[in-house]
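One structure is given below, encoded as structure tokens.
Bear in mind that the values here come from a model prediction, so they are computed numbers and not experimental data. Each ligand, and each atom within it, is numbered from 1 in the order the structure gives.
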Amino acid sequence: MEITLGAAPPVSHVRSRFPYAPRSIWKGVAEDQWNDWHWQQRERVTSLEQLDHVIRLTDDERRAVIEADAQFHMGITPYYAALMDPEDPTCPVRLQSVPTMGELSFAAADLDDPLAEERDMPVPGITHRYPDRVLFYTTHNCPVYCRHCTRKRKVADPTSAAAKSQIEQSLAYIALHTEIRDVVVSGGDPLSLSDDRLDYILGRLRAIPHVEIFRLGTRNLVTLPQRITDDLVAMLKGHQPVYVNTHFNHPRECTGEAFDAARRLADGGCVIGNQMVLLKGINDDPRIVRELNHKLLMMRIRPYYIYQCDLAKGISHFRTPIEAGRRIIRSLRGHTSGMAVPYFVVDAPNGGGKIPVNPDYVVRHEGKRWVLRNFAGKEFTYDEP
Ligand SMILES: *Cc1c(COP(=O)(O)O)cnc(C)c1O
Ligand code: SF4
């Protein structure tokens, strides 16, 4: 399949292995080892010494790798690390996975639990905020620890891992509350669990009559696509309907491996959506989001949300004005496939939930007369009969 979009390089068609990392420490690794997710998981880059072999570190990064570790560990799969530009500290993959000193400067507005997820927790491991659906935390591990993570307070902290008893408590809560028809299986990354463990949890959810659908919130498609094995897909097939919400932030992440992983999931009947986080210097540019969303559609992934970067501690250097997101939506709506236009939302502090802040196309309305503006800026009047 030929993938070319405008003048952009056809990244998703390129083998991701070592495209930018001539100094890579994995040159001698055999193909089948590289494609084994257990190997990828085991060989994650977690120390300054290892990282030094992968990229040419700046002084700022060097300091941050050591000093930020106490706040939030570093962890990068070899696959994701090989997508980094070793010479360019502004590389979007690098900015998402290598600490910078920005993480250690806290803004006055920063909050420990920006979405009040702990407050809306009826039992540990469940956030129940909306009437008919819940967030269900199953693990606090992820293959790559994203520097912009909103759950920094918990993710990567082994002491806060969801114990077996907590999972049972959460399942009991869902079984008891007949209004819950949609369960977001989250974490951390639920694909950090073994197939057997996940099979068990999904089987238990499937056995609850009022649970109609569940969604897996996972970034493995981006950070460890090797995790999407035929065995995993066969297991998920037994629990359909399964929705998968993933988290691509930049077209550089749309590699051949990611493409294959998405194809396996979609062929297995999973419906895949993308939740992008708007990040300064990474994707706060309409051309980048447009290229990303076009690539995602070719991967059978539907852009679902763009999130305003929230008020979590240590991510203020990624935050953009809300207007940057609205500008991106305006640049998409009408100019390209409607399917490439997600909702832009602010997950409101203090548990307000996701609130859409999309641009408004209603200029004014008086009685039955509506004055509307189309994508090209022209005004039209609709008179209600
Ligand atoms: C995001 C979220 C959901 C799911 O919201 P949708 O708009 O249905 O995708 C459910 N519960 C919590 C607490 C959430 O943050
Ligand atoms: S995959 Fe998700 S939960 Fe894990 S570190 Fe990244 S943003 Fe946080």
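Tyr130 CD1, 3.5 Å is the protein heavy atom nearest to atom 11 (N) of ligand 1. Closest to atom 7 (O) of ligand 1, if we only count protein heavy atoms, is Tyr305 OH, 2.6 Å.
Checked against a 3.5 angstrom limit, the closest N/O atoms of Arg215 and ligand 1 fall inside it. Residue contacts with ligand 1: Tyr304 is placed with a nitrogen or oxygen under 3.5 Å of a nitrogen or oxygen of the ligand (distance criterion only).
Taking Phe380 as the reference, nothing meets the ring pair (Phe, Tyr, Trp, His ring centres under 6.0 Å) condition, with sequence neighbours excluded.
Separation of the Tyr243 and Phe214 ring centroids does not fall under the 6.0 Å cut-off. The ring of Tyr173 has its center closer than 6.0 angstrom to the ring center of His128. When ring centroids are compared, His317 and His148 stay outside the 6.0 Å threshold.
Here atom 5 (O) of ligand 1 lies nearest to Lys354 when heavy atoms of Glu117, His128, Lys354, Arg129 are compared.
The presence of a protein heavy atom under 4.0 Å from atom 2 (Fe) of ligand 2 is ruled out.
Contact check on Asp182 versus Arg215 returns a salt bridge, with a Lys/Arg side-chain nitrogen under 4.0 Å from an Asp/Glu carboxylate oxygen.
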Practice item. May I have the step-by-step check of side-chain hydrogen bond (donor to acceptor under 3.5 Å, both in side chains) for Tyr307 and Thr150, ending in yes or no? Key: CA-CA 11 Å; Tyr307 288 105; Thr150 180; over 6 Å; no

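Around atom 4 (Fe) of ligand 2, the protein N, O or S atoms found under 2.8 Å comprise Cys142 SG.
Below 4.0 Å from some heavy atom of Thr127 lie the following atoms of ligand 1, by number and element: 13 (C).
Using a 4.5 Å heavy-atom threshold, the side chains of Tyr80 and Val222 count as touching. When side chains are defined from C-beta on, Leu236 counts as touching Leu202, because their heavy atoms get closer than 4.5 Å.
Results of the side-chain hydrogen bond (donor to acceptor under 3.5 Å, both in side chains) test with Glu291 over His294, Lys295, Arg287 single out Lys295 as the only residue that passes.
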